[in-house]
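Lettering follows sequence order; numbering is per chain, from 1.
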2 protein chains.
Amino acid sequence: MYSFYCTFGNMNLILQNISKHVSLTPEEELLFLSKTETKKVKAKTILQNAGHVCKEGYFVNSGLLRSFNINDNIVEHVMSFACEGWWISDMYSLLSQKPGNLFIEVLEDAEVVVLTKENQEKLYLEIPKLERFFRILTENSLVANQERLMDNLSLTAEERFEKFCKKYPTLIQKVPQKQIASYIGVTPEFFSKMKARMLKK
Amino acid sequence: MYSFYCTFGNMNLILQNISKHVSLTPEEELLFLSKTETKKVKAKTILQNAGHVCKEGYFVNSGLLRSFNINDNIVEHVMSFACEGWWISDMYSLLSQKPGNLFIEVLEDAEVVVLTKENQEKLYLEIPKLERFFRILTENSLVANQERLMDNLSLTAEERFEKFCKKYPTLIQKVPQKQIASYIGVTPEFFSKMKARMLKK
DNA sequence: CTTATTTCTTAATCTAGGTTAAGTGCTCCA
DNA sequence: TGGAGCACTTAACCTAGATTAAGAAATAAG
């Protein structure tokens, strides 16, 4: 049995993720996996394009992705990063099945588990417990998002950066600086200036 | 049967709300209602205090509420409004059962349906379909929140205000101006100036 | 190894929106 | 019915962060 899990490589990371909130039987776990597909993707790959209807969500086994939108065809705004153990997708488009305005891009070579909307719906019927799992996932995501909104309304750029560092210590090493700038909502130039100022203290 | 619904007044608004996403049997509807409590609350009532653990969520039958947080004990930031047909609560505190940082205040005399966390959890067990209902509710809320975050990162105050007007035409009449200012993320003074400028065009 | 492209830095200048302050209406309840 | 407090306005001045531009440093590509 031990070797069984081994043959799946780090595929079981997603099962671990699920088991944090609901417990599936081994059969249900296999059913779940049978509805997903694990894929290796190279850095700079665009998994989702703005203007298109989003058909799938991604769970990250390894590597790093981001989602962002482009304003007036010029300025990029990073909406989220996703590294090992995180989910990422264009929720708006995935749920409404209307064209979205997010891009999803691979920042570092990654392995992702692909779950199509179609299969997700099927899984809700076959394993109702997953309804609970994704509810909890969405709830946590909502709470994090609300906090970020509050921070953008009430904190300075410097404070937002400090919070980002505390909250995602592993990301700071990996993510290019200008993308952190975009995530916390300032220009790369100002971010650079701010960083220099912070070092002096 | 007609008179039956009448005796509940607009209590059935919440059942309508649920039926948009999942269909309950009449028995399930009664069970649901038995786990809630309808309450009339006067303007200026504080239903939830920052620093306290949130024990319940509210569905608005009539009237108007808002949630907000206070920064450095000075500046208020309106996080959300809720009028007829909307849900409101401090999601972070309700989910984590840790002290929250939101206030929930009644802006206009209101009738709300109270659903405690305890009863909500019981309902998940007794009517698993509600798992789906609240998943969908949370999903929609997340999408709206993500859009608002994106708007705050990429639009000007004027554009945000225009979007607010289009999105919540009924609210503009009801909500005091300074609270709209806070919601879109500017000071009341600047909002006033901006509005005057917009009228000139 | 060399060049090209992208990322990061620095600095001068500019602006959306904040702050402070003073004045004009409300409205509400004593 | 009058005055105490809110809600809103206007205006002068201020600042965090944007924009523009140009050079340095790091990666990538050939």
Side-chain angles (χ1 to χ4, degrees), chain A residues 42-46 64 66 68 70-78 81 103 105-109 151-165 171-201, chain B residues 42-46 64 66 68 70-78 81 105-109 149 151-165 171-201:
Chain A
K42 289 245 147 246
K44 298 195 180 167
T45 310
I46 301 288
L64 178 62
R66 67 161 176 151
F68 64 100
I70 296 183
N71 203 235
D72 302 323
N73 297 312
I74 306 175
V75 194
E76 283 182 24
H77 291 280
V78 175
F81 297 107
F103 295 81
E105 182 197 26
V106 182
L107 288 179
E108 275 181 8
D109 291 5
D151 290 349
N152 272 295
L153 288 174
S154 58
L155 303 183
T156 64
E158 206 161 311
E159 289 167 326
R160 271 175 275 147
F161 177 50
E162 274 164 359
K163 249 187 129 168
F164 179 87
C165 292
L171 279 184
I172 317 158
Q173 325 298 329
K174 302 216 256 176
V175 179
Q177 206 181 110
K178 61 178 265 192
Q179 314 232 23
I180 297 180
S182 169
Y183 182 90
I184 69 170
V186 295
T187 58
E189 293 86 354
F190 180 74
F191 186 82
S192 180
K193 183 163 83 180
M194 184 181 86
K195 223 185 50 175
R197 186 177 64 206
M198 288 170 83
L199 278 174
K200 277 189 194 150
K201 291 177 194 167
Chain B
K42 289 244 148 252
K44 297 192 182 168
T45 310
I46 300 288
L64 180 62
R66 67 160 177 153
F68 63 99
I70 295 182
N71 203 236
D72 301 324
N73 297 313
I74 307 177
V75 195
E76 283 181 25
H77 291 279
V78 174
F81 297 108
E105 183 198 25
V106 182
L107 288 180
E108 274 181 8
D109 291 6
L149 180 60
D151 289 349
N152 272 296
L153 289 174
S154 59
L155 302 183
T156 64
E158 206 161 311
E159 290 167 324
R160 272 175 274 146
F161 177 49
E162 275 164 0
K163 249 187 130 168
F164 180 86
C165 293
L171 280 184
I172 317 158
Q173 325 297 328
K174 304 217 258 174
V175 178
Q177 204 180 114
K178 62 179 266 193
Q179 313 231 22
I180 297 180
S182 169
Y183 182 90
I184 67 169
V186 295
T187 59
E189 294 85 354
F190 180 74
F191 186 81
S192 181
K193 184 163 80 178
M194 184 181 85
K195 224 186 50 173
R197 186 176 62 205
M198 287 169 83
L199 278 175
K200 277 190 197 151
K201 293 179 191 165

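- With sequence neighbours excluded, the residues that form a side chain to side chain contact (heavy atoms under 4.5 Å, CB included) with B/Leu155 are B/Asp151, B/Glu159, B/Arg160, B/Lys163.
- With values rounded to the nearest 0.5 angstrom, A/Thr156 atom OG1 is found 6.0 Å from A/Glu158 atom CD.
- Spacing between atom CD1 of B/Ile184 and atom P of C/dA16 amounts to 15 Å, rounded to whole angstrom units.
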(request) Could you run through nucleotides 4-10 of chain C and give me one letter per nucleotide, 5' to 3': B if any protein heavy atom sits under 4.0 Å from the base, S if only the sugar-phosphate is that close, - if neither? (result) ---SSBB
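- Listed by chain and number, the residues in a side chain to side chain contact (heavy atoms under 4.5 Å, CB included) with B/Glu162 are B/Met198 (sequence neighbours excluded).
- Side-chain contact between B/Lys193 and B/Phe190 is present, with at least one heavy-atom pair separated by less than 4.5 Å.
- Classification of the A/Phe68-A/Phe103 ring pair by plane angle, with boundaries at 30° and 60°, yields parallel.
- A nucleotide of DNA chain D counts as in contact with chain A when one of its atoms lies under 4.0 Å from a heavy atom; the first and last such, 5' to 3', are D/dG17 to D/dA21.
- A donor-acceptor pair is defined here as one N or O able to donate and one able to accept, closer than 3.5 Å; no such pair exists between the side chain of B/Asp109 and the backbone of B/Lys42.
- Direction change of the helix axis from one end of the helix from C/dC1-D/dG30 to C/dA30-D/dT1 to the other is 50°, with five pairs defining each end axis (rounded to 10°).
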(request) Go through the steps to decide whether A/Leu107 and A/Phe81 satisfy the test side chain to side chain contact (heavy atoms under 4.5 Å, CB included), and finish with yes or no. (result) CA-CA 9 Å; A/Leu107 288 179; A/Phe81 297 107; 4.2 Å; yes
Side-chain donor/acceptor pairs under 3.5 Å, residues 176-184 of chain A, sequence neighbours excluded:
from	atom 1	to	atom 2	distance (Å)
A/Gln179	OE1	A/Arg66	NE	3.1
A/Gln179	OE1	A/Arg66	NH1	2.8
A/Ser182	OG	A/Glu76	O	3.2
A/Ser182	OG	A/Val78	N	2.8

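- Rounded to the nearest 0.5 Å, atoms CG (A/Asn71) and CG (B/Leu153) are 10.0 Å apart.
- Atom CZ of B/Arg197 is separated from atom C1' of C/dT15 by 11 Å (rounded to the nearest Å).
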